[in-house]
Amino acid sequence: MSTTTTNQSSPVITRFAPSPTGHLHIGGARTALFCWAFAKGAQAGEDGRFLLRIEDTDQARSSESATRGILEDLAWLGIDWDDGPELVAEDGRTLGGDARGVGPFFQAQRIDVYDQYIEQLLKIGRAYPAFETTEELDAKRAAARAQKQTYRYDRAALEIPEAERTARMKSEPHVIRFKMPDAAVHVCDDVLGDVRFDVGEVDDFIIRKRDGFPTYHFAVVVDDELMGVTHILRGQEHLNNTPRHVAMQEALDFRTPVYAHMPLIFNMDGSKMSKRDKDKSLRLVCKEKGFEQAPNGAVDDSVFASWLKDKKQQLETSAVVEIAREVGIDLPEVDVEDFRRGGYLPEVLCNFLSLLGWSPGDDIEKFDNEFLKERFDLPRIGKTNAKFDRVKLLAFNNDALGAMSDAEFARRWREWCARYEPGVLEKLSDEQFSILAAAVRPRTKTLREAARSAEFALMSAEQIEFDEKSVEKALLNGDGAGLNVLGELRVTLAALPTFTADTVHTALTDFAASRELGMGKVAQPLRVALTGSTISPPIGETLAILGKDETLARIDRCLSKISASC
RNA sequence: GACCCCAUCGUCUAGCCGGGUCCAGGACGCCACCCUUUCAAGGUGGAGACACGGGUUCAAAUCCCGUUGGGGUCACCA
């Protein structure tokens, strides 16, 4: 039975607390989105706040660039935070800040705060130092495992007389452990209901590491209290951590926030969506192609060789991207940035993510963040894990692009190109770009795909490679009927006084009618001549984008090349 | 292995709390046909699920128990 303990008198404060070890993961994005929607939406009233905190207590893995990346990813998704690190968004607004004076928001800068509470727990006997080394603990774990026992810390440090413990603390490296209570811990979860963890299920865990940094468990509890967090929405993988947190809240006389654990998101094959997925799919292709060195020398030969053999190894992100481009595959998207690069719209990503583990009901499934804010609530969060269906996401993106005006599409596409394919903008005039944008918009699923279908316009005539099957089908078939048509078309087109999509189109339909030919017999040979394949935007636009001179040049080149070869 | 969570079409889900209106609704995908100058898009139609077994009840997708299946957690990571 779910127990909602929302205190109506105090404003809702939620938080998203990523550790800065890379770009924002897609699962994290959903968590952030839901936290944001809950705090900023109708459920929370006027004064709800969404807070962003950076959990950088793992010094080895955290980085400043990752922090920045995460902030930018959030801003791109349209998720803005009230409290937290500041970021000047692309629209000039400053996100974050410390209006309530509850910062700093980087845990590494809050060590003294944590120490204060550690001190308090030590004083009341709810925490104690322990001196075992990592190796000793590993050995104990292994031993337990060998006997098919579940390992739990044996409280060996508590056997040491208190006076001695205190003395050793001053001179010896040690960790601080939290003493779990001798009673079952109840976790009230708004999604899952009440969950009971019996005594002995949770052992005395470490709250301060040998290096003096708090562990996640401790820092999160202290910060959530001090920052006034009222509702914690997070992934179900944290459910088993919650009794630790609740126990510490009781020991420290903190308030217990409302918990809502959300279902997890997986790949279609049931595996976890992991950053390693990218390395995995790339490794597969490299093996298939029999590479022994990184194509284009993206990484050292030795690094590449060992990466190829070891499933657990990951290459630098930039190297992965470069090699993928070189071998011509699309990497599976797992980070928000991947989807951005992949040409997905942020509003589509948010919409799709919202449907994983939550639903507004009423058969509604296309909506924006405003709607989400308005309607998001805890009771409608699901309990069952979801698989991330990229095909459906793609369909959503396609629909969104299809519903856009040409002008809006051109604007968005321009922005995307500027970031990921600047060459497109360099090689096309504004006018060409607009024509192209309008031509590809209805037939493209992503902005990246749009860039791909623009390739024919970017390359020079010499770079066109004629696709064998297309040539056979459209040009050579029927004693070279296509080639003959092409030859006649060249004359017709050369004679056109104006060369727009409309005039070209009219000329072509007239031509087809006069020869009693279907439009396919006219357009397809042209497509092959101009692009190398039978696939292109509508034929009128295709010619207009190239312009008359280029069109004629490509026809000439095609005629001479293909005629010569047969 | 121990503990915890979950269980509706291939996938995301609605329905479940307050049993009847559900021979289970929507979406993506799939199949067929139509349209068509390519690729798309669009139109029409179709196949497709309450994991299983027991209860409770006049009545169960909805409540209870068990089984099976899936997932999570068991770090000086977060």
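The shown structure was predicted, so the numbers you read here are calculated from the model rather than taken from an experiment. Throughout, a chain's letter reflects where its sequence line sits, starting with A, and its residues are numbered from 1.
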Main-chain N/O of A:V528 paired with A:T531 side-chain donor or acceptor, under 3.5 Å = no
Any donor-acceptor pair under 3.5 Å from A:R208 side chain to A:D115 backbone = no
B:G48 and B:C9, which share atom name C1', separated by this distance in whole Å
5 Å
B:C3 -> Watson-Crick or G-U wobble partner, both distances under 3.5 Å, gives B:G72
Hey, does the side chain of A:R61 reach the backbone of A:T57 with a donor-acceptor pair shorter than 3.5 angstrom? no
Review point. Can you check whether A:G402's main-chain N or O pairs, donor with acceptor, with A:R441's side chain at less than 3.5 Å?
Key: yes
- Quantified in whole Å, what is the P atom distance between nucleotide B:C52 and nucleotide B:A60? 15 Å
The Watson-Crick or G-U wobble partner of B:G10, with both key distances under 3.5 Å, is B:C28
> Does A:F376 have its ring centroid less than 6.0 Å away from the ring centroid of A:F34?
Replying inline: yes
If we take the P atom in both B:C39 and B:C23, what is their distance in whole Å? 43 Å
Verify whether the ring centers belonging to A:F339 and A:F388 lie closer than 6.0 Å.
yes
Exercise for the section: Before giving the answer on salt bridge (Lys or Arg N to Asp or Glu O under 4.0 Å), spell out for A:K272 and A:E237 the whole-Å C-alpha distance, their side-chain angles and the decisive distance to 0.1 Å. Expected result: CA-CA 12 Å; A:K272 251 184 163 174; A:E237 76 266 24; over 6 Å; no
Among B:A2, B:C28, B:C6, the one nearest any side-chain atom of A:V391 is B:C28
Atom CG of A:D269 and atom C1' of B:G71 are separated, to the nearest Å, by 14 Å
* Asked: Going by modelled atom types, is there a donor-acceptor pair between the base of B:C5 and the side chain of A:K383 at under 3.5 Å?
  -> no
Checking B:U11, B:G29, B:A14 against the side chain of A:D389 (C-beta onward), the nearest is B:U11
Nucleotide N/O to protein N/O under 3.5 Å, stretch nucleotides 35-37 of chain B:
from: B:U37; atom 1: O4'; to: A:G520; atom 2: N; distance (Å): 3.1
from: B:U37; atom 1: O2; to: A:R527; atom 2: NH1; distance (Å): 3.0
from: B:U37; atom 1: O2; to: A:R527; atom 2: NH2; distance (Å): 3.1
from: B:U37; atom 1: O4; to: A:H505; atom 2: NE2; distance (Å): 3.0

For this session: For nucleotides B:C34 and B:A51, find the distance between their C1' atoms and express it as a whole number of Å.
Result: 40 Å
Mate of B:C23 across any strand shown (Watson-Crick or G-U wobble, both atom pairs under 3.5 Å) is none
Would you check if the side chain of A:T542 reaches a backbone N or O of A:P537 as a donor-acceptor pair within less than 3.5 Å?
yes
Atom CD of A:E365 and atom P of B:U13 are separated, to the nearest Å, by 11 Å
Rounded to whole Å, the CG-P distance (A:D203 to B:C4) equals 16 Å
Polar side-chain atom of A:D194 near backbone of A:C188 as donor-acceptor pair, under 3.5 Å
no
note: A:F367, atom CZ; B:A27, atom P; distance rounded to Å ~ 15 Å
Letter by letter from the 5' end, nucleotides 72-78 of chain B scores (B base, S sugar-phosphate only, - none; protein heavy atoms under 4.0 Å) BS-SBBB
A:I381 CD1 to B:C12 P, in whole Å, measures 17 Å
The reported gap from CG in A:D138 to CD in A:E135 (rounded to nearest 0.5 angstrom) is 6.5 Å
| Under 3.5 Å donor-acceptor, A:D277 side chain and A:P332 backbone | no
Whether A:R380 contacts B:C17 is assessed here as follows: a side-chain N or O lying under 4.0 Å from the phosphate OP1 or OP2. Is that the case?
no
- Between B:C22 and B:A49 - C1' atom distance, rounded Å: 13 Å
**Main-chain N/O of A:S470 paired to A:T534 side chain as donor or acceptor, under 3.5 Å** = no
If we take the C1' atom in both B:C64 and B:G46, what is their distance in whole Å? 39 Å
Item to complete: Check whether the ring centres of A:Y216 and A:H238 lie less than 6.0 Å apart, and answer yes or no.
Response: yes
When rounded to the nearest 0.5 Å, the distance separating CG of A:L526 from CD1 of A:I555 is 5.5 Å
A:I364 atom CD1 is separated from B:G15 atom P, nearest whole Å, by 12 Å
Problem set entry | Main-chain N/O of A:D204 paired with A:R177 side-chain donor or acceptor, under 3.5 Å | yes
(message) Check whether A:S359 reaches the backbone of A:L355 with its side chain - one donor and one acceptor, N or O, closer than 3.5 Å.
(response) no
Here the distance between atom P of B:C4 and atom CZ of A:R196, to the nearest Å, is 9 Å
Using atom names, set out every protein N or O paired with an N or O of nucleotides 30-33 of chain B below 3.5 Å, distance rounded to 0.1 Å.
none

A:D194 CG to B:C5 P, in whole Å, measures 10 Å
Please give the distance between the P atoms of B:U38 and B:G45 as a whole number of Å.
25 Å
Contact string for nucleotides 39-44 of chain B, one letter per nucleotide 5' to 3', B = base within protein heavy-atom range under 4.0 Å, S = sugar-phosphate only, - = neither, reads BBS---
Taking a pair to mean Watson-Crick or G-U wobble geometry with both distances below 3.5 Å, B:A51 pairs with B:U67
>> Surrounding NZ of A:K140 (heavy atoms of other residues, nucleotides or ligands, distance under 6.0 Å), is the total greater than 12?
In response: yes
Taken to the nearest 0.5 Å, the spacing of A:R554 CZ from A:I464 CD1 works out to 4.0 Å
Nearest-Å distance once atom C1' is located in both B:G20 and B:C4
35 Å
With sugar-phosphate meaning primed atoms plus P, OP1 and OP2, does A:R53 contact a base, only sugar-phosphate, or nothing at under 4.0 Å between heavy atoms?
nothing
Residues 359-369 of chain A vs salt bridge (Lys or Arg N to Asp or Glu O under 4.0 Å), sequence neighbours excluded, gives A:D362-A:R375, A:E365-A:K392, A:K366-A:D399
Give each protein N/O atom lying under 3.5 Å from an N/O atom of nucleotides 46-48 of chain B, with the pair distance.
none

If pairing means Watson-Crick or G-U wobble with both distances under 3.5 Å, then the partner of B:G42 is B:C34
